[in-house]
Each structure stands twice: as C-alpha cells, then as structure tokens.
Amino acid sequence: MATATTNPVDWKLIWAQRGFRYFFLAMFVSLFGSGMNFAGVSWYILAATHSTVKVSLQVIVVTLPGLFVPFLGGVLIDRLDRRYLGVLLDIVRGFFVLATAYIAWRGHLQLWHLYAMTLITGIGSAMYWATVNALVQEVIPPSQFTGANAAVLVGVQSGMLIAGAVVGFLYNTAGIAGILAIDGATYFVSAYCLYEVRRGYVSPRESQKYPRKYSEATEATAEALETGGNPEVAEAGLSLAVYADMKEGFAYLKRQPLVLALGITHAIMMAGVVSANVVLVALANDILRAGPQGLGFLEAGWATGAIVGGLIASQLPQAMRMPLYVAACAGLAVGHMATPFVAFLVGAVMMQILFGFFRALGGVVAQSSLMTIVPRHFMGRTQSAMAILTTVVQLFMSFALGWVAQGAGLIVAYALLAVLYTGATVSAIRARQLLR
C-alpha cells in the first residue's frame, strides 16, 4: 500500500505559525503539571500503603474511563470545534485537581480523594489527547505532519523532563498538596494557550470531502426538530447521527488494515508506557533504594530520551522509518527484560533514556503515518478507537503488574512487560509489510 510522500521537516515553517506556538506551550505546561501529579501521587500511595497493588489501582482508575468515553468522545471530536473542546476539558480537570490540593493542604487527604481526582482527570484525558491530536491535523499543513508530531512530542516530553527533575525535591518540601496545586494551575494555563491557537468556531464537518448519506439525513432531522417544541425527539435524532457516525468510523477501520496495524502497535506501546509506572515506582523504592528523588531522575531520563528520539525521528528519510519502528519495539522488549538486573541509579536512568527514545521514535512514525492516511473527518474516531484498545491493554497490564510485582517480584513483572512489547514488535512488522 502506498503512502504520501513525506517532505523534509521545515522547523521554521512550523514554529512561524502563531497557533502552533500556543499549541506547543499548552502541551508543555499540561505535561509538566501532569508529570508531577502522576509521580507524586504514585509515590504518596506507595509510601502510605507499601503496596504495588494500590499503586496499580491508581493507574486502573485513570485508565478505566477510556473504555466508555471514547465511544462518544470520538464522535464529539468529529462534530465540535476541537479547540473549544480541549479548553473545556482543561478547565474542568483543573478545578477538581485544585479542590484535591485544598483538601490535602487542610490535612484531610485520604486515598479515596486521590482515586476520585484521578478518575475525573482520567475521564478528561480519555477525550483530551484524541482531541489535541485531531487539532494538530487541522492547524498544520499536511506536508509538515511529521515535524508537527515531533514538535508536540518534544513539548510533551520537555514538560515531563522538567517535572521529573523537580518532583522529588518538591515532594520533600511542598508535599503532595503543593504538587497538586501546581498541577491544577497548569490546566488553566494550558486552557488559555489552546484558546489562543486560532480564532472563531471551526467545525470539522467543513473539511469533509466524502458523502455522508446517513449522517446528513439524521443531522437534518435533529436540526429541524430542535427548532420545534419536542427536544426529546430532537435528542433521539442526534443519537441516530452519533450511531451513524460510529458505524461509519468502524467501517473505515475495517477497510484499512494498515491503519489497524499502526493503531494496534501504537496502542500497545502507549499501554506499556503508562502501566510500567506501577513497577517503576517499586524499582526506585525496592531495588534502587533511591526515594522520590530517584523516581524523579528516572522520569527525567525517560523524558530526555523521548526528546532526542522525537527530534531524530522528524529528520529520518521515509525508507528508514518503518525498519526503525520495528527495531524500537524490539528494543523495548529486550530492555524491559534486562531492567530489574540494573541495580544502580545511573544505569537505571540510562535504561529509561533508551526507553524514552524508542517510544518517541515509534510514536512520531505512527502518528505522522496515521495523519497522512486517515481523512480529517475520521481522525477523531480513529484516535478514539486506538484509545479504547490502549485502555483495555492498560487495564489488564496495570492489574497484572501490581499483582505480579507484589506476589512474584519485579523480575517477573518486567518480563511481562517484555512480552507485551514483543506483541507490539509483531504488529509493527505487519504494518511494515503492508507499506511495501
């Protein structure tokens, strides 16, 4: 199957766009706060309970909404202005994180408060990342998708890098309340940056190039009924439009084996990255004996590798991308098998740098390929389908890693992660075959 030609990345062209600069800042600020939140809360739970199962529950709670939110979220992303949707998601999450920070500051924090906050932010995140990925496709010229994805990844991982570098020190000084307060504030800064990306209301429907027999009919019905006096029937008409959109989206995925293969590989890699936090906290505490500062160094190492990987991936010639994509998945599999045997902090940080590099390389190749292949009006549903698969794998892996790490030890838990990345390698090989 042939793909579109990829032009060299023009960083000046991308950065010259005012909207993209604000988008980059939004990603940087958002991930700075979220990175501190996730690491700080994970360490707080482990220190309070000494249980990797309780840490895995945090990952499960943040992941669980991804099972049901994307079904409606993907359709909303393809129907509403993606900028406004991202702003709303940021504001709601920021409010609840600040409320939890206030509870912690007053000295009344309990585990269920953290789990509830994590659930709410997880609901928002289940839609947020599919929203912003689809928004990039709107504000960046198609010839610069690879560079835009790399730049977004650099913004994300730069935020994670700084968060990882300071989270350990902040945890020892400001405590969990200070970390949550900073995270809550970053959501509002991110919302402002997204708002400044462009002006006016832009509907994804305006870029639609293909006939929409079912959706157009049901939309017309809903619109006509809304002008009358029967909102319940209007809501039913809108439900028909949602159902038709979802049906059309799944039909598209069924016809595109390359999109499926890329999506499966990317979903497995994302699920592995998130669920690995369960054992990463235990690695810092039980094997490295490095405390919260050691966890911060590990997170910073991962982000450093991701920044380098994103920059390199954006400059790779087309012929090298898929072979390196396969190699990155294989490197993650081999590296996770070896990780628990690296029992000193510097070596563990070097391993995390490699993992971040491989993940960034794979992420840029997968996302830029999807943006080249998938039509704009299907992008939200495609991203949400990937999010659903990612969620299923994350839920299974988070529970399994917590239970295995506590019952059988970290060596077996990391071996389970290696098996997961082996599956990603097989799927990446399939995607490469389909591209030939």
Participant: Okay, side chain of Thr425, backbone of Ala330: is any donor-acceptor separation there less than 3.5 Å?
Facilitator: yes
Participant: Taking atom CZ as the centre, does Phe399 end up with more than 12 heavy-atom neighbours from other residues, nucleotides or ligands that are less than 6.0 angstrom away?
Facilitator: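 Atom CZ in Phe399 is not packed in, count stays at 12 or less.
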Participant: Taking the side chain from Ser30 and the backbone from Met27, do they hold a donor-acceptor pair closer than 3.5 Å?
Facilitator: no
Participant: What is the distance from atom OH of Tyr84 to atom OG1 of Thr131, rounded to the nearest 0.5 Å?
Facilitator: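 It comes to 15.0 Å.
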Participant: I'd like to check Phe357 versus Ile353 (side-chain heavy atoms, cut-off strictly below 4.5 Å). Are they in contact?
Facilitator: no
Participant: Is it the case that atom OH in Tyr195 sees more than 12 heavy atoms from other parts of the structure closer than 6.0 Å?
Facilitator: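 Not more than 12 within 6.0 Å, no.
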Participant: Which value, rounded to the nearest 0.5 Å, describes the distance between Cys329 atom SG and Ile429 atom CD1?
Facilitator: 9.0 Å
Participant: Would you indicate whether the side-chain heavy atoms of Phe297 and Val346 approach each other to under 4.5 Å?
Facilitator: no
Participant: Determine whether a donor-acceptor pair (N or O, by modelled atom type, separation under 3.5 Å) exists between the side chain of Ser56 and the backbone of Val53.
Facilitator: yes
Participant: Is there a side chain to side chain contact (heavy atoms under 4.5 Å, CB included) between Leu295 and Glu299? Walk through the geometry before answering.
Facilitator: CA-CA 6 Å; Leu295 178 61; Glu299 297 280 8; 4.2 Å; yes
Participant: Are Lys54 and Leu46 close enough that some pair of their side-chain heavy atoms sits under 4.5 Å apart?
Facilitator: no
Participant: Working to the nearest 0.5 angstrom, can you tell me the gap between Ile268 CD1 and Gln394 CD?
Facilitator: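 Output value for this atom pair is 12.0 Å.
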Participant: Do the side chains of Tyr414 and Leu280 get nearer than 4.5 Å, heavy atoms only?
Facilitator: yes
Participant: Walk me through whether His336 and Met351 qualify under side chain to side chain contact (heavy atoms under 4.5 Å, CB included).
Facilitator: CA-CA 9 Å; His336 279 81; Met351 295 295 291; over 6 Å; no
Participant: Would you say the side chain of Leu114 lies within less than 4.5 Å of the side chain of Leu180, judging by non-hydrogen atoms?
Facilitator: yes
Participant: Given Ile179 and Val41, is the side chain to side chain contact (heavy atoms under 4.5 Å, CB included) satisfied, shown in steps?
Facilitator: CA-CA 9 Å; Ile179 288 175; Val41 171; over 6 Å; no
Participant: I'd like to know if the side chain of His113 and the backbone of Gln110 have a donor-acceptor N/O pair within less than 3.5 Å.
Facilitator: yes
Participant: For Asn172 and Pro292, work out which heavy atoms get closest and say how close.
Facilitator: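 Minimum heavy-atom separation between Asn172 and Pro292: OD1-CG, 3.7 Å.
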Participant: Please determine if Arg83 forms a cation-pi arrangement with Tyr22, meaning its NZ or CZ atom is less than 6.0 Å from the six-membered ring centre and no more than 45° off the ring axis.
Facilitator: no
Participant: Of all heavy-atom pairs between Val364 and Gly310, which one has the smallest distance, and what is that distance?
Facilitator: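 So the two residues come closest at CG2-CA, 4.2 Å.
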Participant: Tell me, do Trp302 and Val273 make a side-chain contact under 4.5 Å, heavy atoms counted?
Facilitator: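 A side-chain contact under 4.5 Å exists here.
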Participant: How long is the straight-line distance from CG of Leu88 back to CG of Asp81, given to the nearest 0.5 Å?
Facilitator: 12.0 Å
Participant: So, do Leu262 and Ile373 sit near enough that their side-chain heavy atoms are less than 4.5 Å apart?
Facilitator: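 Leu262 vs Ile373: side chains touch.
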Participant: Quick one: salt bridge (Lys or Arg N to Asp or Glu O under 4.0 Å) partners of Asp183, sequence neighbours excluded?
Facilitator: none
Participant: Would you please test Phe344 and Leu288 for side chain to side chain contact (heavy atoms under 4.5 Å, CB included) and show each step?
Facilitator: CA-CA 6 Å; Phe344 57 102; Leu288 301 177; 5.5 Å; no
Participant: Indicate the atoms forming the closest heavy-atom contact of Ile176 with Ala104, along with that distance.
Facilitator: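 Scanning both residues completely, I find the closest heavy atoms to be CG2-CB, 4.2 Å.
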Participant: If you measure from CZ on Arg430 to OG1 on Thr265, what distance do you get to the nearest 0.5 Å?
Facilitator: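 Separation between the atoms: 11.0 Å.
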Participant: Give a yes or no on whether the backbone of Gly402 and the side-chain of Thr52 come within a donor-acceptor separation of less than 3.5 Å.
Facilitator: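 Flag set: sc Thr52 to bb Gly402 pair under 3.5 Å.
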Participant: Can you see which heavy atom on Cys193 is nearest to which on Leu25, and at what distance?
Facilitator: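 The pair with the smallest heavy-atom distance is SG-CB, 4.0 Å.
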Participant: Roughly how far, to the nearest 0.5 Å, is CG of Leu119 from CZ of Phe96?
Facilitator: 10.5 Å
Participant: Ignoring hydrogens, what is the shortest heavy-atom contact between Tyr187 and Ser34? Give both atom names and the distance.
Facilitator: OH-OG, 3.7 Å
Participant: Compare all side-chain heavy atoms of Tyr128 with those of Ser190 and state whether any distance is below 4.5 angstrom.
Facilitator: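 They are in side-chain contact.
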Participant: Quick one: does any side-chain atom of Ser427 pair with a main-chain N or O of Gly423 as donor and acceptor, under 3.5 Å?
Facilitator: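 No; zero donor-acceptor contacts below 3.5 Å.
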Participant: Classify the angle between the aromatic ring planes of Tyr102 and Trp105 as parallel (below 30°), tilted (30 to 60°) or perpendicular (above 60°).
Facilitator: tilted
Participant: Tell me the closest heavy-atom pair linking Met269 and Gly362, and the distance in Å.
Facilitator: CE-CA, 4.1 Å
Participant: Donor-acceptor check, side chain of Arg93 to backbone of Ile120, threshold 3.5 angstrom: yes or no?
Facilitator: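 Between the backbone of Ile120 and the side chain of Arg93 there is no qualifying donor-acceptor contact (under 3.5 Å).
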Participant: Between Asp90 and Val87, is there a donor-acceptor pair closer than 3.5 Å when you use the side chain of the first and the backbone of the second?
Facilitator: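 Flag not set: sc Asp90 to bb Val87 has no pair under 3.5 Å.
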